[in-house]
Protein chains: 2
Amino acid sequence: MKLAEAKQQFIASWGAFGTHWGINRTMAQVHALLMISADPLSQDDMMQALSISRGNVNMNIRELIDWRLVDRVIIPGERKEYFTAEKDIWKVATQIIRERKKRELDPMLKLLDQLQDVEGDKKDKNVKQFTDTIGGIKRFGQQADKMLDVLVKADENWFVGSLVKFFK
Amino acid sequence: MKLAEAKQQFIASWGAFGTHWGINRTMAQVHALLMISADPLSQDDMMQALSISRGNVNMNIRELIDWRLVDRVIIPGERKEYFTAEKDIWKVATQIIRERKKRELDPMLKLLDQLQDVEGDKKDKNVKQFTDTIGGIKRFGQQADKMLDVLVKADENWFVGSLVKFFK
DNA sequence: CTGAATTTTCAAAACTTATTGAAAAATTCT
DNA sequence: AGAATTTTTCAATAAGTTTTGAAAATTCAG
């Protein structure tokens with residue numbers, strides 16, 4: 001397979017993959033493009049490569065920067081801004097976990113806390129089923145929360161090394 | 001807080017949460033409703049509880065069954081079908097992992113294999129960046145794949161117990 | 001087998017989200 | 001400072017997704 005074709009396929013698939021995980025297709029594609037580009041790209045480069053509008057590139061790039069997956073790069077002597085993506089997939093993954101935890105898991109746990117104490121007879125099976133379910137999700141979420149905290153602070157080598165032993 | 005109000009809040013939040021993870025809001029809400037219901041519900045019950053149409057309930061229930069998160073229940077003497085959800089959140093989580101792995105991770109790994117061998121000079125930095133990135137993602141994905149396999153087959157108590165030690 | 005109850009399907013409509021592109025703002029050069 | 005270039009914004013529009021609801025299919029009791 002030719003490089004250009006392989007690139008296109010990867011970008012398309014990464015985009016489709018993203019949509020299954022609640023990520024805007026174009027944002028995932030911009031990310032994919034930057035991950036496989038040896039050099040930083042300008043917004044014009046991306047418009048070109050993905051056949052999308054200037055506004056679209058701009059919005060998605062800014063969101064990727066907000067997720068800390070992409071950085072602005074200044075190239076001396078160039079007027080335009082350029083962008084690169086973090087290419088170490090371990091760092092990419094931990095960063096995504098970090099953000100989603102902050103944006104989604106933490107608020108969910110806060111809500112579950114509030115829902116925990118409903119008025120009413122603890123003997124009523126409807127009350128009981130509700131509090132049991134909420135309690136179960138809360139405990140699970142807290143466990144996940146702790147685990148992800150450690151994971152995200154860990155070094156890849158330590159982690160993979162330890163996992164090998166753990167999951168023999 | 002009153003039970004009815006707490007239920008509504010949970011259903012709404014679970015729905016919103018789902019949309020951030022590529023899951024149809026209504027499907028997540030139906031799932032939430034069944035998880036906090038002490039008894040099995042009919043399609044009419046769900047239409048009522050969520051103010052949605054019959055077709056909508058039907059489609060989403062069938063998808064939840066397809067994900068093996070919900071089961072049909074026959075109540076003797078009743079003409080209607082009833083439905084219950086798995087309420088053990090550990091089982092829910094491992095089942096979701098199982099399905100997403102099958103539907104998304106496995107195909108992605110298969111694609112990365114194909115993209116691995118592009119024609120061209122390995123010294124060309126463009127070729128190199130591409131194969132390095134793809135290779136990195138592939139290795140990471142394979143590691144995750146193995147890990148999730150073990151996780152999904154594990155028993156919750158074993159898992160949590162071991163993790164506590166692991167993540168001290 | 002008949003007819004009532006229930007479930008399923010799916011085209012059309014409603015809703016949601018993403019994209020465009022031109023205008024405004026900001027930046028940088030001379 | 002003024003002009004040229006680049007970036008950002010955002011209202012309008014397009015594209016994509018979900019929902020409805022009525023018709024068709026299926027199931028079941030008598």
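Worth knowing before you read on, the calculation uses all heavy atoms, side chains too, and leaves out hydrogens, waters and symmetry mates. Convention: sequence-line order gives letters A, B, ...; per-chain numbering from 1.
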Item checked: Value in whole Å for how far the P atom of D:dT17 lies from CE of B:M27 -> 16 Å
Notebook entry, point to check: Which of parallel (below 30°), tilted (30 to 60°) and perpendicular (above 60°) describes B:W14 and B:H31?
Noted result: tilted
Check: Do B:E104 and A:F17 have side chains that get closer than 4.5 Å, going by heavy atoms?
Finding: yes
Next item on the list: Please examine the side chains of B:D106 and B:D145, heavy atoms only from C-beta on, and report whether any two atoms are closer than 4.5 Å.
Entry: yes
Margin query: Rounded to whole Å, please give me the gap between CZ in B:R25 and P in D:dT20.
Written below: 13 Å
Checklist line | DNA chain D contacts among residues 42-54 of chain A, heavy-atom distance under 4.0 Å | finding: A:Q43, A:R54
Notebook entry, point to check: Does a side chain donor of either A:R139 or A:Q142 reach within less than 3.5 Å of an acceptor in the other side chain?
Noted result: no
Next item on the list: Determine, for B:D121 against B:K128, whether the closest basic-nitrogen to carboxylate-oxygen distance falls under 4.0 angstrom.
Entry: no
Next item on the list: Could you tell me from which nucleotide to which nucleotide of DNA chain C, 5' to 3', there is an atom under 4.0 Å from chain B heavy atoms?
Entry: C:dA4 to C:dC10
Notebook entry, point to check: If you draw a 6.0 Å radius around CD in A:Q48, do more than 12 non-hydrogen atoms from other residues or ligands fall strictly inside?
Noted result: no
Margin query: Between A:L64 and A:M27, is the side chain to side chain contact (heavy atoms under 4.5 Å, CB included) condition met? List the steps.
Written below: CA-CA 7 Å; A:L64 284 163; A:M27 178 170 150; 3.8 Å; yes
Note to self: Does B:R103 have more than 12 heavy atoms from other residues, nucleotides or ligands lying within 6.0 Å of its CZ?
What the structure shows: yes
Check: Which residues within residues 66-83 of chain A lie with some heavy atom under 4.0 Å of an atom in DNA chain D?
Finding: A:R72, A:R79, A:K80, A:E81
Margin query: Under 4.0 Å, heavy atoms only, any strand: does A:N56 hit a base, just the sugar-phosphate, or nothing?
Written below: base
Note to self: Is there a side chain to side chain contact (heavy atoms under 4.5 Å, CB included) between B:Q129 and A:K87? Walk through the geometry before answering.
What the structure shows: CA-CA 9 Å; B:Q129 183 60 66; A:K87 290 178 180 69; 3.1 Å; yes
Notebook entry, point to check: Measuring from A:N60:CG to A:Q29:CD, what's the distance to the nearest 0.5 Å?
Noted result: 9.5 Å
Next item on the list: Please step through side chain to side chain contact (heavy atoms under 4.5 Å, CB included) for the pair A:F10 and A:L33, ending with a clear verdict.
Entry: CA-CA 9 Å; A:F10 176 66; A:L33 174 63; over 6 Å; no
Notebook entry, point to check: Do any side-chain nitrogens or oxygens of A:N58 fall under 4.0 Å of OP1 or OP2 in D:dT7?
Noted result: no
Next item on the list: Grab the CE-C1' distance between B:M59 and D:dT18 for me, whole Å please.
Entry: 10 Å
